[in-house]
Amino acid sequence: MPWTFFRAKVREARICLSAGRVTLPYPYAPAPPAPGFRGLPAVDASRCIGCGGCVSVCTPGLVAVADDGPRAKFTWSLARCTYCGRCAEVCPEEAVTLSADFETATGDIRDLTMVVDVFMGSCNRCGRCYRTQTPLDPPHPRLQHEARVEAICERYRPAGAAAPTGAEVVS
Amino acid sequence: MPESAALLAALASHLDGRLVDSFRLDQSGAVVATVVAQDLRAAARFIHEGLDARFVISAGTDCRPAGQGFRVDHIFSQDRRKTWIVLRAFTSAEDPKVPSITPDVRAADWAEREFRDLLGIEPEGHPDPRRLVLADDWPAGLHPLRRDVPYDIHPEPAAGQAQPLAPPPGDAVTVPIGPFFPVLEEPVFLKVFAEGEEVVGLDYRGFFNHRGIEKLGDSKLTYNEVPFLAERICGICGFVHSTAYAQALENAVGAEVPLRARYIRSIVLELERIHSHLLWLGIAGHILGFDTVLMQTWRMREPVMWLMERITGNRKSYGMNLVGGVRRDLPSAEHPEIVRVLDRIEQEWVKVIEAVLEDTTLLMRLRKVGVLSTLDARELGSVGPTARGSNRPIDTRIDHPYAAYDRIPVHGVWKDSCDAAGRTLVRLEETLESIRQVKQLLAEMPDGPIMLAFEEALPPGCEGISAVEAPRGEVIHYVMTGENARPYRWRVRAPTYANLQALATSLRGMTIADVPITLGSMDPCFSCTERMQVVDVRSGAVRVYSPAELREMARSGRGRGGAR
Ligand code: SF4
Ligand code: SF4
């Protein structure tokens with residue numbers, strides 16, 4: 001028995017010694033994530049058309065939308081993000097990307113809160129603002145850009161016709 | 001399944017023809033037999049003993065909106081026949097009660113207490129009247145899984161309902177462990193009864209971290225949101241849950257997932273098993289005070305985590321599954337890197353196994369520790385390496401093939417030593433088997449789509465069952481479709497739920513110093529608040545030991561004679 005025990009210890013020592021140094025110099029040197037990594041979502045506000053697709057697919061429901069006069073405010077409470085990337089997948093304007101940013105620890109929750117303020121389309125007949133189509137309702141809104149001039153709200157639209165997109169981004 | 005007809009005929013003749021209804025769930029490989037509630041116990045006993053089926057889980061369902069009162073399903077597995085047997089009974093909406101099957105089927109203990117807590121269906125004749133899942137201050141009579149209870153209810157805490165824990169038998173001393181116990185995944189409170197150094201009994205209180213996930217799934221989330229929540233059931237093997245959920249729903253509605261997606265699921269599942277088993281060996285070493293094992297196995301594991309980040313987008317909680325397939329392809333350009341990482345782990349792992357098999361000190365801490373006989377493992381419904389270390393030849397990949405496991409050979413690993421050493425060896429060898437499987441799956445992966453276009457308007461009332469062999473054992477999900485693109489009922493059973501019920505049996509006769517590794521040999525989770533409090537019930541004296549002291553006691557053999 002003592003002999004096999006000794007041999008086991010030699011084997012174990014060999015495993016340890018052959019490992020070499022494995023500790024990375026991070027955080028003193030950057031440690032970029034692998035390609036394809038899904039980090040903190042970043043929203044390009046100039047592209048967002050306020051369709052609400054991200055609102056409806058986000059499992060933790062972290063994108064809150066509030067109507068504020070002619071504007072819609074999308075508040076992203078990214079502290080609750082699960083980094084699933086569904087928002088980026090569904091966004092018809094490719095406004096959302098999952099960045100390589102993984103250093104999200106913070107003592108201030110506002111660092112993880114992002115507000116996208118979108119000017120919503122107003123009706124060409126009555127001038128009122130209305131909610132544009134979501135990408136979940138066919139047809140796809142990207143095909144509807146030509147319809148901008150036809151931007152009219154539900155009251156003037158023939159029953160069943162799809163709402164065109166007409167959002168303009170102000171911030 | 002001509003066998004299912006024979007099975008139902010045998011059950012009907014045992015009940016003198018009193019079978020209310022029966023049907024098959026073909027894609028799930030299940031037969032559903034409905035009996036009158038009074039026959040439940042006789043039928044369960046017959047299925048368990050006569051048909052040699054293993055008890056898996058019970059699910060209660062509130063069917064009052066359909067005018068059917070409450071429903072109880074006891075799910076069994078006939079492993080060698082690749083069949084699930086669902087024993088079903090309905091009970092009245094006003095006074096829901098069914099005869100308890102626990103007196104005959106010991107493994108049903110927790111499952112029945114759970115539906116009593118969550119749905120208010122009384123298992124009559126159950127030996128344990130205490131709560132299992134609900135917190136002590138949750139009001140009596142409020143059953144959160146009933147359809148008329150909202151998911152976001154915050155009731156006023158009720159006082160004076162503390163659940164009594166069992167008194168120590170005879171002269172035994174109580175050793176409370178918890179409520180945050182290091183080796184387990186969730187906070188648990190164990191009351192270990194010891195005579196001198198020897199454990200003579202155990203009482204358990206857990207579920208402090210019950211998150212109401214099933215409730216969220218059937219009242220808040222939609223079909224394709226549930227996989228992301230399911231994945232968060234476990235912090236190590238989350239992919240098994242999203243796979244099991246997606247497969248159960250696919251089975252329910254008869255969706256044929258593209259073959260390539262099934263291969264990718266199997267590959268990710270096996271990679272997850274590899275990193276989980278590596279992690280587990282490290283923790284086992286740590287519990288035994290041999291931290292070199294921890295350092296080295298975690299070093300070997302890290303490249304798998306990087307690999308996962310690369311192929312799925314995250315180290316953990318991959319977000320890969322949706323109902324109908326997977327979201328990311330595994331392009332052939334990635335294959336050489338996967339094979340390279342696996343080759344390196346394989347080389348080192350063979351050396352680790354050689355070292356462990358000769359390390360007599362390590363083996364002395366594992367042999368004849370946490371003994372669980374083959375019979376007990378069967379009776380208590382143990383699964384995974386816990387069961388296989390007790391010579392139970394069950395492996396869901398073989399018994400109920402899913403994903404791509406019907407396309408490749410799966411070599412099950414079981415050991416007959418029925419102790420912690422057996423469970424260790426099962427995991428060591430399974431890791432090599434998983435490496436082989438991933439390589440074969442990569443080599444044979446077919447081209448094609450990875451996602452089936454999935455229409456959310458699914459017909460309500462479809463049922464599906466799916467099990468996945470997680471690193472810790474069989475995970476089972478049951479789904480019944482409902483309105484508003486969300487499940488009507490979603491039932492989850494994680495392997496630890498089954499394995500923990502065998503703890504009392506496998507601890508009996510062990511020493512207190514062996515409690516951590518006995519637990520650890522069943523389930524590998526760890527938090528760093530390792531503390532144990534020894535209370536002498538006669539004097540009430542309290543002494544708190546630090547981990548270092550405990551390890552020191554274990555090494556030197558001090559601490560004999562119980563509380564000091
Ligand atoms: S990544 Fe997922 S969790 Fe995060 S905002 Fe997008 S959809 Fe929501
Ligand atoms: S355009 Fe993209 S970011 Fe803007 S609301 Fe729609 S899905 Fe969300």
Considering non-hydrogen atoms only, spot the tightest contact between [X] and [Y] and give its length.
{"X": "B/Ala355", "Y": "A/Ala8", "result": "O-CB, 3.6 Å"}
{"X": "B/Phe290", "Y": "A/Lys9", "result": "CZ-NZ, 3.6 Å"}
{"X": "B/Asn314", "Y": "A/Tyr83", "result": "ND2-O, 3.5 Å"}

Checklist line | Criterion side chain to side chain contact (heavy atoms under 4.5 Å, CB included) on B/Val356 and A/Glu12, from CA distance to verdict | finding: CA-CA 9 Å; B/Val356 167; A/Glu12 284 157 13; 5.7 Å; no

Would you tabulate the side-chain donor-acceptor contacts of residues 15-24 of chain A under 3.5 Å, counting partners in other chains and residues two or more places apart, or write 'none'?
unit_1  : atom_1 : unit_2  : atom_2 : d
A/Ser18 : OG     : A/Arg14 : O      : 3.2
A/Ser18 : OG     : A/Ile15 : O      : 3.1

Margin query: If we define contacts as heavy-atom pairs under 4.5 Å, which of B/Leu216, B/Leu229, B/Thr361 has the most with chain A?
Written below: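 With the most close heavy-atom pairs to chain A, the winner is B/Thr361.
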
Next item on the list: Among the options B/Glu231, B/Arg232, B/Lys351, pick out the one with the most heavy-atom pairs lying under 4.5 Å from chain A.
Entry: B/Arg232

Notebook entry, point to check: Would you say B/Lys316 has more than 12 foreign heavy atoms packed within less than 6.0 Å of its NZ?
Noted result: yes

Item checked: Check: A/Arg86 side chain, B/Glu225 main-chain N or O, donor-acceptor pair, under 3.5 Å ->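 Checking the backbone N and O of B/Glu225 against the side chain of A/Arg86, no donor-acceptor pair under 3.5 Å is found.
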
Check: How far does CZ of A/Phe37 sit from CZ of B/Arg315, to the nearest 0.5 angstrom?
Finding: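 One finds 10.0 Å between CZ of A/Phe37 and CZ of B/Arg315.
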
Notebook entry, point to check: Got a second to check how far B/Thr360's OG1 is from A/Phe6's CZ, nearest 0.5 Å?
Noted result: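 These two atoms lie 12.5 Å from each other.
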
Checklist line | Per-residue contact mode, B/Arg327 against chain A (heavy atom under 4.5 angstrom) | finding: side chain

Margin query: So for B/Leu357, is it side chain, backbone, both, or neither that comes closer than 4.5 Å to the heavy atoms of chain A?
Written below: neither

Margin query: Strictly less than 4.5 Å between heavy atoms, which residues of residues 97-109 of chain A line up against chain B? Please order them by number.
Written below: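 Heavy-atom contacts from residues 97-109 of chain A to chain B are absent.
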
Next item on the list: Spell out the residues in residues 331-344 of chain B that have some non-hydrogen atom less than 4.5 Å away from a non-hydrogen atom of chain A, in order of number; otherwise answer 'none'.
Entry: none

Item checked: Contact residues of residues 292-313 of chain B (partner chain A; heavy-atom separation under 4.5 angstrom) -> B/Thr292, B/Gln296, B/Arg299, B/Met300, B/Trp306, B/Glu309, B/Arg310, B/Thr312, B/Gly313

